[in-house]
Amino acid sequence: MSNIALDTKPDFELAKPIHEVECTIISNEPVNGEYRLLVLNAPSKILDCEPGQFFHLLCPVSDTLQPYLRRPMSIYGYYPDKGELHFLYKVTGEGTSAIATLKAGDNFNVLGPLGRGFDILPNWQNLLLVARGVGLATLAPLALEARRLNRKLTAICSARSDQFLLSLDYFRELGATVIPLTDEAGTSSVENMHSIIEGLIADEGIDAMYTCGSNRILKLLQTVGKEHNIPGQIALEQQMACGIGMCQCCVRAFNRNGAIVNERVCREGPVFDLQEAIGC
Amino acid sequence: MSNIALDTKPDFELAKPIHEVECTIISNEPVNGEYRLLVLNAPSKILDCEPGQFFHLLCPVSDTLQPYLRRPMSIYGYYPDKGELHFLYKVTGEGTSAIATLKAGDNFNVLGPLGRGFDILPNWQNLLLVARGVGLATLAPLALEARRLNRKLTAICSARSDQFLLSLDYFRELGATVIPLTDEAGTSSVENMHSIIEGLIADEGIDAMYTCGSNRILKLLQTVGKEHNIPGQIALEQQMACGIGMCQCCVRAFNRNGAIVNERVCREGPVFDLQEAIGC
Amino acid sequence: MLDLTTQIGTLTLKNPIMPASGTFSEDLAQVFDLDILGAHVTKTITREKRSGNPTPRVCEVRGSMLNSIGIPSKGLDAFKTNVIPFYKNYDAPLIVSISAGSADEFASLCEDISVPGVAAIEVNISCPNIEEDGKAFAMRPSTTEAVMRKLRNATDLPLWAKLTPNTGETTEVAKAAEEAGADALVVSNTLLAMAIDINTKRPKLGNLMGGLSGPAFKPIALRMAYQCAKSVEIPVIGCGGISTIEDVIEYLIAGASAVQVGTATFINPPIMVKMVEGLESYLQSQGLHSVKQLIGSVVDQEASDGLVFMEAAP
Amino acid sequence: MLDLTTQIGTLTLKNPIMPASGTFSEDLAQVFDLDILGAHVTKTITREKRSGNPTPRVCEVRGSMLNSIGIPSKGLDAFKTNVIPFYKNYDAPLIVSISAGSADEFASLCEDISVPGVAAIEVNISCPNIEEDGKAFAMRPSTTEAVMRKLRNATDLPLWAKLTPNTGETTEVAKAAEEAGADALVVSNTLLAMAIDINTKRPKLGNLMGGLSGPAFKPIALRMAYQCAKSVEIPVIGCGGISTIEDVIEYLIAGASAVQVGTATFINPPIMVKMVEGLESYLQSQGLHSVKQLIGSVVDQEASDGLVFMEAAP
Ligand SMILES: Cc1cc2nc3c(=O)[nH]c(=O)nc-3n(C[C@H](O)[C@H](O)[C@H](O)COP(=O)(O)OP(=O)(O)OC[C@H]3O[C@@H](n4cnc5c(N)ncnc54)[C@H](O)[C@@H]3O)c2cc1C
Ligand SMILES: Cc1cc2nc3c(=O)[nH]c(=O)nc-3n(C[C@H](O)[C@H](O)[C@H](O)COP(=O)(O)OP(=O)(O)OC[C@H]3O[C@@H](n4cnc5c(N)ncnc54)[C@H](O)[C@@H]3O)c2cc1C
Ligand SMILES: Cc1cc2nc3c(=O)[nH]c(=O)nc-3n(C[C@H](O)[C@H](O)[C@H](O)COP(=O)(O)O)c2cc1C
Ligand SMILES: Cc1cc2nc3c(=O)[nH]c(=O)nc-3n(C[C@H](O)[C@H](O)[C@H](O)COP(=O)(O)O)c2cc1C
Ligand code: FES
Ligand code: FES
């Protein structure tokens, strides 16, 4: 439902409506040993999304799996033309195990789109995206948006081994330059990543950097950003109850103007300024 | 499971083991507007039953139905040769609604057989069974047993209308004489039932009477039983938690030797002496 | 005409459905028109800025949740500047929840928040009384009465006292609050509970323990609401585990004059809207014309006299 | 070799899994060999015959149940004649649960049940103290201490005090019981709750209110077991909502030396057997050799000091 009209009342921060709707599963298949792709048939009103936003998913309940809270999940793809919403997820516990049981044709209740997405400022022409593991799910829609805005995108994708390198083809199709790094090949060290990034900066320059997840990558990009004065953004995770800003459970600490401030990942985030973020 | 061997420990009242097992659903179809027949594929160890006994059923859990306690259900039929266990049930609330969602091939956890069944003493040759509505589910296996023991059985079956008269064919196939009475036809009044029973007694005599459920029928049979000195038994219902005698929630009051005593329906029952039973 | 209104002291609410403190904020305006609600209840505020408890602040337990949010607060001034004006755009009365660690600080905050735009003050006396032994004011009749008297003297606005389930003296505390001038009781806050991650052996909440809310909590809070409604004359606002319209009805029957919905909004953000609609259809289907006909309609007969005030044997 | 034994005072139990009072009887011998259990705990008995509360005595709530069985009892003599001899056939120690409405009656029953075949006495002090205001003995430290002293003088057998969750003074009550000579604490009995049938408007229990048990109750009882284990030196036996081997492990980590399983046996009668097996595999998988390595292994660090004894703010 939630087709409750927002009438003439004050627009809360002029924000768009948040919808709670039942979607239908189109498919829910393993992508490799660790990840699954969930494709939903979704009404267009919830497909007015920004890269970096997320949905809050109501997991199905069965005899053996009884998750209670919703589960936050980044938008992996949104396609208003096809009426599709995609999530790429890793089965880690009760909630994601329950989501993995969904079959084509099942109903699935989602809440969103939620949170604040990535910015691509007009003068950011050369974009760098650095991600590891499932973090690519969060950054993928950024590639689509970059192409729409006609920006140049380089994606450094790190994983345990080739088989876990997700979405490379997807990034390539969107015209991105992809640099795959793996633990297996010994190419994923921070040092190597650092020298690759320095190379890119020296070569054609980088106007903005985007990442999510990994602490090591965060620290590296903060160093690089400071040194070369390159702005950046990071998508962060935190446990959530409401997902829309009411409960204050999803706070993380940030460094802002020398002080430590708490911000809600679901509302002020999940995308934050790279330099303000504090690793954990 | 519950294939935990009962070894050399004291036989509790020399009672048979109670099993908790997963069965498989063979079918679960509506029989008419109100009742459904549940057919299970069951291991032979749980099919050593007596008419009047019951099973305690673990209902499936879903997004919308979340029953917690087991639900007691009389054995409608048990067929060790075919490996089948049958229940006839009416959907009345959360638990039975959940049971109604089971499909062929699903697993279903049952506990039993439980309780004390009906007696058919050697000198009881002419048996009378009087039931209304779903009560027939409880009395049906008595008909099978009566045939096995080669006794004569008359079944007075009462219901709202013909369409709710269950199991008539089943009783007839087993050689019982069936007397259907319906509210619709105006034949189900206590007075009419009374005169029919008096007729049977006058005609060929009745050695024992069996019933379950209805208060009006209980009172009638108690009167008839006292007047003609005919013994009888009644199967009673009460809310249950454990079903095996531990929790004491399922007690009902009985008249015994002039005193009121509480007995557990799950353990001392569900079959009780007709004259001791107290209507409610 | 169906009459959904309910009376909480001098306040008439257009329907008995409102959010619970800490589970509601301006953000929900993005989901539905907040004027559908009977009232708006804010997250508890303190006078000073506070940052709240360490994370993780919530965890899931079987069919419910624990939280140890604490009371992060932007402070009184920020609240007056940013929050009160937002709610002035709505007709629904604004109920401000406040808290403090001592009775005097509580009273002075109460006075300072008694400003235009605020329709009533909910006093969260389920927070620790720092001056005494750290037990919440509402755990004992004596501390309840003492803090409520000071609060009563500090404002002319209606005072709603929010009780705690972490006490064996529910009815005594309810009577003490009434005695000291509360206009209504909110029953109740969360119940102290705990969960441990067996893999890490760490408590699942950063704060070790936290409050149970949600469906698992309902039978406990309903019992308290019933006990309170039987023991006091002032209205009781039921709160705890309400997730469906049936739950709302159960609380009204038990004697609650209105209800607060908390955790359910996290799972199902538009649920309060569905409850208002559901209440209307329920009354219609039962041939009732007013919510007031439901309130306290429990059929408990004689049984209630002897038993309500005796803690039942297991 | 895996060591599943646990020490409850002078009693060594061969494993820490036992049934909770009122959820176990001789009947369960039809389901499995009762010697698999660490101990046998009887339904609470009283000296006189009693018939218990009116029906309905149980009802279902979301994912749990309420009961108001009361204490139907065949009386002391019948118990000695029929029940004690049955359990003599087993090696597992027999723990007899007793109750009475006054401290003196309690003590005299305690003395009279101290007979061969009984290994320990569990005193159900969660029942109403009829001489005072009907609140259970275990709701207050003072009444707990008074009754426990009399019980201590009445028997040489180990005394297990069964606490109630219907109090805001869990740790104080625990300390009072220890002080007065309890050998162990059972934490805890059921929590007072209520449910109303919205169709009939009648309470779902004949007794109006009853005790919550089962999964919904777990986070509350676990919190109490943790608080008690932190406050006393005597062993704590955890009880409340334990339904899976993970729950058993969670209680042991929290500080319980053993656990009692109640409602879960109703849903899944052989569950305690699966738990004993599960505990063995768990220790193996973790490379542990003894249950004792698990007990109290919670990683709570500094956080525990300040917080355990303060009722947390919501
Ligand atoms: C904004 C955001 C976007 C995310 N996007 C993705 C994505 O695209 N793909 C993906 O696989 N995962 C993503 N995650 C992580 C995902 O939410 C968790 O993996 C998931 O909630 C785990 O639930 P569970 O029940 O399977 O695991 P459990 O560990 O059993 O969960 C227990 C509790 O902890 C919470 N939790 C556990 N891990 C996380 C986490 N990393 N972040 C937040 N809460 C957590 C759960 O929501 C639940 O409440 C995202 C998280 C956030 C906050
Ligand atoms: C020994 C015995 C044999 C039975 N045999 C049959 C049968 O063959 N066919 C059939 O349709 N029904 C039978 N019943 C009744 C059946 O158990 C109930 O209809 C069923 O439990 C209702 O569950 P529910 O969740 O659908 O209803 P709800 O009303 O939602 O149940 C709520 C609670 O009340 C209990 N309850 C409700 N009605 C009864 C009842 N009549 N007896 C006992 N507990 C009840 C439920 O078990 C549950 O705990 C029998 C009952 C007993 C005690
Ligand atoms: C995340 C969260 C935060 C809360 N914060 C507050 C608060 O600040 N003040 C307060 O009085 N109650 C607070 N509560 C308690 C709720 O208002 C309510 O009393 C409780 O959650 C029970 O209702 P429910 O089961 O419907 O959630 C909070 C509850 C939750 C779940
Ligand atoms: C039906 C029932 C009867 C009970 N009877 C008693 C009793 O006689 N004495 C007692 O001390 N506790 C009694 N209890 C409480 C249990 O022993 C146990 O403390 C409580 O149920 C919590 O454990 P659980 O959640 O595992 O059931 C009873 C509980 C139930 C459900
Ligand atoms: S999840 Fe509730 S405020 Fe972010
Ligand atoms: S249902 Fe437990 S004793 Fe009968």
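The figures here come from the full heavy-atom set of this structure, side chains too, leaving out hydrogens, waters and symmetry mates. Every chain is numbered from 1 and lettered A, B, ... according to where its sequence line falls, protein lines coming before strand lines. Predicted model only: the values in this text are computed from it and were never measured.
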Student: Minimum heavy-atom separation for Pro203(D) and Val299(C), please, with both atom names.
Tutor: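 The answer is CD-O, 3.4 Å.
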Student: Taking all heavy atoms of Arg223(D) and all of Leu192(C), pick out the closest pair and write down the distance.
Tutor: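 Scanning both residues completely, I find the closest heavy atoms to be NE-O, 2.8 Å.
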Student: Need one label for Tyr251(C): side chain, backbone, both or neither, based on atoms under 4.5 Å from any heavy atom in chain D.
Tutor: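 No part of Tyr251(C) comes within 4.5 Å of chain D.
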Student: Go through the atoms of Ser21(D) and report whether side chain, backbone, both or neither lie under 4.5 Å from a heavy atom of chain C.
Tutor: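 When you check distances to chain C, no heavy atom of Ser21(D) falls under 4.5 Å.
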Student: Salt-bridged, Glu172(D) to Lys135(C), with N to O below 4.0 Å?
Tutor: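 Salt bridge flag = yes for Lys135(C) with Glu172(D).
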Student: Is it the backbone or the side chain of Thr164(C) that comes under 4.5 Å from a heavy atom of chain D, or both, or neither?
Tutor: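 It is neither, since no heavy atom gets under 4.5 Å.
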Student: State the CG-CD1 distance between Asp247(C) and Ile196(D), to the nearest 0.5 angstrom.
Tutor: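 CD1 of Ile196(D) is found 11.5 Å from CG of Asp247(C).
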Student: Heavy-atom cut-off 4.5 Å, strictly under: side chain, backbone, both or neither for Ile220(D) against chain C?
Tutor: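 It is both, since atoms from each part get that close.
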Student: Could you look at Leu212(D) and say if it's the side chain, the backbone, both or neither that has a heavy atom under 4.5 Å from chain C?
Tutor: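 Contact with chain C involves the side chain of Leu212(D) alone.
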Student: Show the nearest heavy-atom pair for residues Arg62(C) and Pro215(D), with the distance to one decimal.
Tutor: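 Shortest heavy-atom contact: CG-CB, 3.9 Å.
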Student: At a heavy-atom separation under 4.5 Å, does Leu191(D) approach chain C through its side chain, its backbone, both, or neither?
Tutor: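 For Leu191(D), the side chain is the part near chain C, not the backbone.
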Student: Please examine the side chains of Leu294(D) and Lys201(C), heavy atoms only from C-beta on, and report whether any two atoms are closer than 4.5 Å.
Tutor: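 Contact flag for Lys201(C)/Leu294(D) side chains = yes.
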Student: Which region of Val61(D), side chain (C-beta onward) or backbone (N, CA, C, O), has a non-hydrogen atom less than 4.5 Å from a non-hydrogen atom of chain C, or is it both or neither?
Tutor: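 Looking at Val61(D), just its side chain touches chain C.
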Student: When you compare the side chain of Gln227(D) with that of Met194(C), does any pair of heavy atoms fall below 4.5 Å?
Tutor: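 The answer is no, as the side chains (C-beta and beyond) never meet within the 4.5 Å cut-off.
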Student: Among pairs that include at least one residue of residues 189-200 of chain C, which meet salt bridge (charged side-chain N to carboxylate O under 4.0 Å, His left out), considering only residues two or more places apart or in two chains?
Tutor: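 Counting only pairs at least two positions apart or across chains, no salt bridge (charged side-chain N to carboxylate O under 4.0 Å, His left out) contact touches residues 189-200 of chain C.
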Student: What closest approach, in Å, do Tyr226(D) and Leu208(C) show between heavy atoms, and which atom pair accounts for it?
Tutor: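 Nearest pair, atom of Tyr226(D) first, then Leu208(C): OH-CD1, 3.5 Å.
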Student: Tell me, out of Met224(C), Arg140(C), Glu246(C), Glu250(C), who's got the most heavy-atom pairs with chain D below 4.5 Å.
Tutor: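 Most pairs with chain D among the choices: Glu250(C).
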Student: Under a 4.5 Å heavy-atom cut-off, does chain C meet the side chain of Tyr282(D), its backbone, both or neither?
Tutor: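 Only the side chain of Tyr282(D) comes within 4.5 Å of chain C.
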Student: Under the salt bridge (Lys or Arg N to Asp or Glu O under 4.0 Å) test, which residues partner Lys204(C), sequence neighbours left out?
Tutor: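 Lys204(C): no salt bridge (Lys or Arg N to Asp or Glu O under 4.0 Å) contacts found.
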Student: Please look at Ser297(D) and chain C and tell me whether the side chain, the backbone, both or neither of the residue comes under 4.5 angstrom of a heavy atom of that chain.
Tutor: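 Contact with chain C is through both the backbone and side chain of Ser297(D).
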